[in-house]
Amino acid sequence: MAGKNSGDNRTRTSVSIFIIAGLCCFFYLLGAWQRSGFGKGDSIAVAVTKTAGENCDILPNLNFETRHAGEAGGTDESEEVEELKPCDPQYTDYTPCQDQKRAMTFPRENMNYRERHCPPQEEKLHCLIPAPKGYVTPFPWPKSRDYVPYANAPYKSLTVEKAIQNWVQYEGNVFRFPGGGTQFPQGADKYIDQLASVVPIENGTVRTALDTGCGVASWGAYLWKRNVIAMSFAPRDSHEAQVQFALERGVPAVIGVLGTIKMPYPSKAFDMAHCSRCLIPWGAADGILMMEVDRVLRPGGYWVLSGPPINWKVNFKAWQRPKEDLEEEQRKIEEAAKLLCWEKISEKGETAIWQKRKDSASCRSAQENSAARVCKPSDPDSVWYNKMEMCITPNNGNGGDESLKPFPERLYAVPPRIANGLVSGVSVAKYQEDSKKWKKHVSAYKKINKLLDTGRYRNIMDMNAGLGGFAAALHNPKFWVMNVMPTIAEKNTLGVIFERGLIGIYHDWCEAFSTYPRTYDLIHASGLFSLYKDKCEFEDILLEMDRILRPEGAVILRDNVDVLIKVKKIIGGMRWNFKLMDHEDGPLVPEKILVAVKQYWTLGDTNSTSSQ
């Protein structure tokens, strides 16, 4: 009897497998027919196929935990995969478009040599940037604000150069950041308290801030707990590794400089701009750098200047500069501010604060009767590699702040640019539909990667941000998202993203991003490879993703299946574990999801096994 029952069970099992396999095939054929356009009852077919697909699809256990490479993924053994080799150790901290050797071949006037200068195609690296020996996953926020593992950025020069200013201290195997700065050696918190007595930092009116010449970004780090997100930038190696330290701390930052090219941000983007002894010559060249800050500053926004030449009468001896030079410098700044319709609302100690008027019509006549020139009608958001202009960007024509709500209400409120019909093809209804779609997508992501909400990923990038729906749906005080607007995108919606209280930047993914290696924990890209299909090599984009992704960092790609199959083949040689998955609505949808985890490996490793 036992033998007979065993045989019956095997027969039933075989029949069950046959039936399930048959159903899977049936629903696949049904889906193909339905997608062809001849089928009726599409919604029923999608619903039924989704249920069948859930039973037919067997997902591997792709591991997202730190210090573990996972075991899932790989490519079809029949495919020929080119294995990408590690780069030479000298490239551990390589920044292709801010390479120091290349920079020195460009003119030093107006900081031109510190601007982006990318290698031509024939000079691009086709290898994987190695992590330094001993690299470890950064501390979770908020501990990362105060401590950075020494092995991740082994540069001690700032601990000596800025010792008395409390920038950074070396303690054993970590760097400690006390929160000091050149203008706030007693700590950023007290300094921000001083600013908050004038600027409405606490009530959500000020949400987005720009920190020019940011040092190690302590100002932005301490603004975070006040619900203000700062975009910080500084040039490569003006002080060794300052932007790298900022990102290791979990603070938004990019390599950048105010030189001859417009900043890679839209007009009217920031609620506040800040310079704390940033060494930028604001009064030079008739105030052209202040005009560029004015372009990105929202009407009603604030500009904070701390340090020379403010209060020069008291401080010129301590600064070891002739008082005549300082007096002239401040005169030029005051004149430029007047032309820009900025009103000085505070000057205390070495800190002055100006506010940009919401309605500049009241001072427009003064501008017309002076040397100031209003920019010709054009797109003020067209900035990529465009030269700064000696003119004032008018307030009208590209949105405004008259209906901008305080944060966090503005995250899902209709942005003024859309409400006013200034984004072609994006109505209020389409914006709301996009928000709903991304809430659904992010919900699916959280089922795939259950670490998304835990704080495991602090620095997140969306490579093709659209209206900012991914970042808005994912919003959490444990992390931030760098929303990247590709310069070749059909619609320029970065201004909308800033109006939602998020931050972002323009970039062309045919070139390297303005950051150090290993600065992002998670990278998301929806439709990016379809966008760049005939523009540049997929391998170059994927190698750049690998450069900026931390070991054991995660990737989520969403694109058409034919594109992702090509991407998958390249990834097979990149020391990533990955899985190609169906759309959350089932296998009939041609858009698929590819999830991946970068393996842990460092300089000198002969293979890509994870360290335990």
Side-chain angles (χ1 to χ4, degrees), residues 107-115 161-162 165 181-185 191 194-195 198-199 210-215 219 232-235 238-239 256-263 270 272-297 301-357 363 366-367 370-373 388-393:
R108 294 203 170 207
E109 290 79 15
N110 300 317
M111 298 295 285
N112 176 269
Y113 76 117
R114 293 289 191 193
E115 295 179 317
E161 292 177 27
K162 301 294 180 179
Q165 295 165 9
T182 306
Q183 285 302 123
F184 40 92
Y191 175 73
Q194 177 188 336
L195 300 183
V198 180
V199 179
L210 179 68
D211 194 8
T212 56
C214 63
W219 187 70
S232 303
F233 73 80
S238 176
H239 291 301
V257 67
L258 270 172
T260 65
I261 303 296
K262 291 182 178 180
M263 290 186 285
F270 295 98
M272 176 168 56
H274 174 259
C275 160
S276 174
R277 203 160 188 172
C278 59
L279 304 180
I280 294 173
W282 295 112
D286 297 321
I288 189 172
L289 301 182
M290 292 177 66
M291 291 178 184
E292 177 60 6
V293 170
D294 180 75
R295 181 185 67 81
V296 301
L297 194 62
Y302 301 86
W303 186 54
V304 180
L305 177 61
S306 292
I310 304 303
N311 203 7
W312 59 268
K313 293 180 181 178
V314 174
N315 296 304
F316 73 93
K317 289 183 179 178
W319 292 335
Q320 297 181 339
R321 290 182 57 186
K323 60 181 180 180
E324 294 79 13
D325 291 353
L326 290 164
E327 182 180 15
E328 179 64 10
E329 185 179 338
Q330 179 149 357
R331 184 190 66 79
K332 289 180 177 180
I333 290 172
E334 300 280 5
E335 283 187 357
K338 184 177 180 180
L339 290 178
L340 293 169
C341 297
W342 295 0
E343 179 184 359
K344 183 187 281 188
I345 58 175
S346 174
E347 182 171 328
K348 184 178 181 181
E350 297 177 19
T351 301
I353 303 174
W354 285 263
Q355 184 174 20
K356 180 178 178 178
R357 297 187 189 181
C363 72
Q367 291 176 332
S370 70
R373 182 173 69 87
M388 289 184 193
E389 298 179 83
M390 184 66 73
C391 60
I392 300 170
T393 304

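Heavy atoms only: backbone and side chains are in, while hydrogens, waters and symmetry mates are out. Keep in mind that what you see is a predicted model, and the values were worked out from it rather than measured.
- The CD1 atom of Ile310 sits 10.5 Å away from the CD1 atom of Ile353 when rounded to the nearest 0.5 Å.
- Using a 4.5 Å heavy-atom threshold, the side chains of Trp342 and Met290 count as touching.
- Just one of Tyr191, Tyr302, Trp303 meets the ring-ring contact (aromatic ring centres under 6.0 Å, His included) condition when paired with His274; it is Tyr191.
- Taking every heavy atom of both residues into account, Trp312 and Gln330 meet most closely at CD1-OE1, 3.3 Å.
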Note to self: Show, in sequence, the C-alpha distance, side-chain angles and deciding distance for Glu334 and Trp354, and conclude whether the side chain to side chain contact (heavy atoms under 4.5 Å, CB included) test is met.
What the structure shows: CA-CA 10 Å; Glu334 300 280 5; Trp354 285 263; 3.8 Å; yes

Next item on the list: Determine, step by step, whether Trp319 and Asp325 satisfy the side chain to side chain contact (heavy atoms under 4.5 Å, CB included) criterion, reporting the C-alpha distance in whole Å, the side-chain angles of both residues, the deciding distance to 0.1 Å, and the verdict.
Entry: CA-CA 12 Å; Trp319 292 335; Asp325 291 353; over 6 Å; no

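- The shortest heavy-atom contact between Glu329 and Pro308 is OE2-O, 4.2 Å.
- Taking a cutoff of 4.0 Å between a charged side-chain nitrogen and a carboxylate oxygen, Arg277 and Glu350 do not qualify as a salt bridge.
- For the pair Lys344 (side chain) and Ala352 (backbone), a donor-acceptor distance under 3.5 Å is absent.
- Between the CG atom of Asp286 and the NZ atom of Lys332 there is a distance of 8.0 Å, given to the nearest 0.5 Å.
- Nearest heavy-atom pair across Met390 and Ala285 is CE-O, 2.8 Å.
- A 4.5 Å side-chain heavy-atom check between Pro281 and Leu289 finds at least one atom pair inside the cut-off.
- Pairing each heavy atom of Gly283 with each of Ile333, the nearest pair is N-CG1, 4.0 Å.
- Atom CD in Glu389 sits 11.0 Å away from atom CE in Met291 (nearest 0.5 Å).
- Nearest heavy-atom pair across Ala273 and Leu297 is N-CD1, 3.9 Å.
- Expressed to the nearest 0.5 Å, how far CG of Leu340 lies from CZ of Arg357 amounts to 11.5 Å.
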Checklist line | Trace of the side chain to side chain contact (heavy atoms under 4.5 Å, CB included) decision for Trp219 with Leu195 | finding: CA-CA 11 Å; Trp219 187 70; Leu195 300 183; 3.6 Å; yes

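- In this structure, OG1 on Thr212 lies 4.0 Å from CH2 on Trp282, to the nearest 0.5 angstrom.
- The structure places CG of Leu258 at 4.5 Å from CD1 of Ile280, a figure rounded to the nearest 0.5 Å.
- A salt bridge links Glu335 with Arg331; the closest basic N to acidic carboxylate O contact falls under 4.0 Å.
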Next item on the list: Test side chain to side chain contact (heavy atoms under 4.5 Å, CB included) on Thr260 and Met388 and set out the steps.
Entry: CA-CA 6 Å; Thr260 65; Met388 289 184 193; over 6 Å; no

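- Looking only at distances, a side-chain donor or acceptor of Glu292 sits under 3.5 Å from a matching main-chain atom of Met263.
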